[in-house]
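Everything below concerns the one structure shown next.
Order of the sequence lines fixes the chain letters, A, B, ..., with proteins taken first and strands second; residue numbering starts at 1 for each chain. This is a predicted model, so every value here is computed, not measured.
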2 protein chains.
Amino acid sequence: MRFKTPTSTVLYSIEETIKAYRKLSQQNITQVVPDITLDQTLILMMIKENDKTQTEIADLIFKDYASMTRIVKLMERKGFLLKLVDNQDKRKVKLEITEKGKKVIKKLKPTVKKNRETALHEISEEEQRQLFNVLKRITKNCQ
Amino acid sequence: MRFKTPTSTVLYSIEETIKAYRKLSQQNITQVVPDITLDQTLILMMIKENDKTQTEIADLIFKDYASMTRIVKLMERKGFLLKLVDNQDKRKVKLEITEKGKKVIKKLKPTVKKNRETALHEISEEEQRQLFNVLKRITKNCQ
DNA sequence: CAAATGTAATTGATATATCAAGTAAATTTC
DNA sequence: GAAATTTACTTGATATATCAATTACATTTG
């Protein structure tokens, strides 16, 4: 069998797609809140949903812990959240959203929703299920 | 309809999958050639297949031109390739693989092939086609 | 309980992503 | 054919990715 050119595999469509989606998302987010990134937005939303530590949130959004530390530092600097030491276990960091952060979430929720709808326009539930299924299997193959 | 948590969308499976694949690929590449990245490997392989300019190769692998400039600079520093000015159009950069670069390609070709096979293990041709199809539609939706 | 081991997070070094602004060469327009 | 526009690439600034090494605290073991 001939060697396929790097971009002729479906794996590169995956890259292409996620880049296109991230670009769209960032552009729309910037129009509503100019000084926040897509990743920061997702982190804010994840904090709100749970009461997890920094590391647990990192796992949820597939971030390396080192990246997470740095993203959180920037978010703290921008006043979106506060880092608090967990009193039960002083190694752990709890993240608390500031008022500014809450306002940002409120403003961006519709944007995030719209981005997803835009991306998944006319992709049926069944197709999404299949996509999810195949992606999960590929992920497992890689682990 | 309730607002979905950021990670409950298929869009985050896409991120998860590509990260897992890149990690696997990088680990296997490093075992064979310790000082090259996955992106650099793909660029080398794309140069070999075509006779394209730097910008054209950037487009093929979905790289921003600024990123491409920097990646190419590092690759030149490591001796994998040379940057040559196109004499027909002096704005354009042609990329030439060095002997060292050629050896690297030869060594890594089986690794790249194996990585793809690992990732796509037991994903049928039909599933790959469908995956490709849906991903392309999502990409278009985002553009 | 002191030593060994494990865990959560940080830091350093290097690579890549992205946008905006800039440069130099080529092409178009008037 | 000089001025305006476009094209190919570069540079600066900032954000994120990744691995390895380190720190601080927690838990386990002997």
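The NZ atom of B:Lys63 sits 14 Å away from the P atom of C:dA15 (whole-angstrom rounding).
Of the charged side-chain nitrogens involved, at least one lies within less than 4.0 Å of a carboxylate oxygen, so that A:Asp51 and A:Lys94 count as a salt-bridged pair. Salt bridge status for A:Arg129 with A:Glu126: present, with a side-chain N to carboxylate O gap under 4.0 Å. Using a 4.0 Å cut-off between a side-chain N of Lys or Arg and a carboxylate O of Asp or Glu, A:Asp59 and A:Lys52 do not qualify as a salt bridge.
Side-chain nitrogen and oxygen atoms of B:Ser67 include at least one within less than 4.0 Å of the OP1 or OP2 phosphate oxygen of C:dA17. For the pair A:Lys52 and C:dA8, the criterion of a side-chain N or O lying under 4.0 Å from OP1 or OP2 is not met. Contact check, B:Lys19 against D:dA17: a side-chain N or O comes under 4.0 Å of OP1 or OP2. One finds no side-chain N or O of A:Lys92 lying less than 4.0 angstrom from the OP1 or OP2 phosphate oxygen of D:dC25. For B:Thr37, a side-chain nitrogen or oxygen approaches OP1 or OP2 of C:dT16 to under 4.0 Å. Residue A:Gln26 places no side-chain N or O under 4.0 Å from the OP1 or OP2 atom of C:dC19.
Within 4.0 Å of A:Asp86, counting heavy atoms only, lies no atom of the nucleic acid at all. Backbone-only contact: B:Lys83 has heavy atoms under 4.0 Å from sugar-phosphate atoms and none from a base.
Between C:dC19, D:dC19, D:dT16, one nucleotide has an atom nearer to the side chain of B:Lys23 than all others, and that is D:dC19. Distances from the side chain of B:Tyr65 to the nucleotides D:dA17, D:dT10, D:dC25 place D:dT10 closest. Proximity note for A:Leu74 (side chain, C-beta onward) versus D:dA15, D:dA24, C:dA20: the nearest is D:dA15.
With hydrogens and angles ignored, a donor-acceptor pair under 3.5 angstrom links the side chain of A:Arg70 to the base of D:dT18.
Residue A:Gln54 is the one, among A:Gln54 and B:Asp64, whose nearest nucleotide of DNA chain C lies closer to the 5' end (criterion: closest heavy atom). Residue B:Lys73 is the one, among B:Lys73 and A:Lys90, whose nearest nucleotide of DNA chain D lies closer to the 5' end (criterion: closest heavy atom). Nearer the 5' end of DNA chain C, as judged by each residue's closest nucleotide, is the contact made by B:Leu38, out of B:Arg91 and B:Leu38. Sequence order on DNA chain D of the closest nucleotides to A:Gln40 and A:Asn87 puts A:Gln40 first from the 5' end.
For the pair A:Glu127 (side chain) and A:Ser124 (backbone), a donor-acceptor distance under 3.5 Å is present.
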Original post:
A:Asp35 and A:Phe80: side chain to side chain contact (heavy atoms under 4.5 Å, CB included), yes or no, with the steps?
Top reply: CA-CA 11 Å; A:Asp35 65 336; A:Phe80 296 135; 4.0 Å; yes
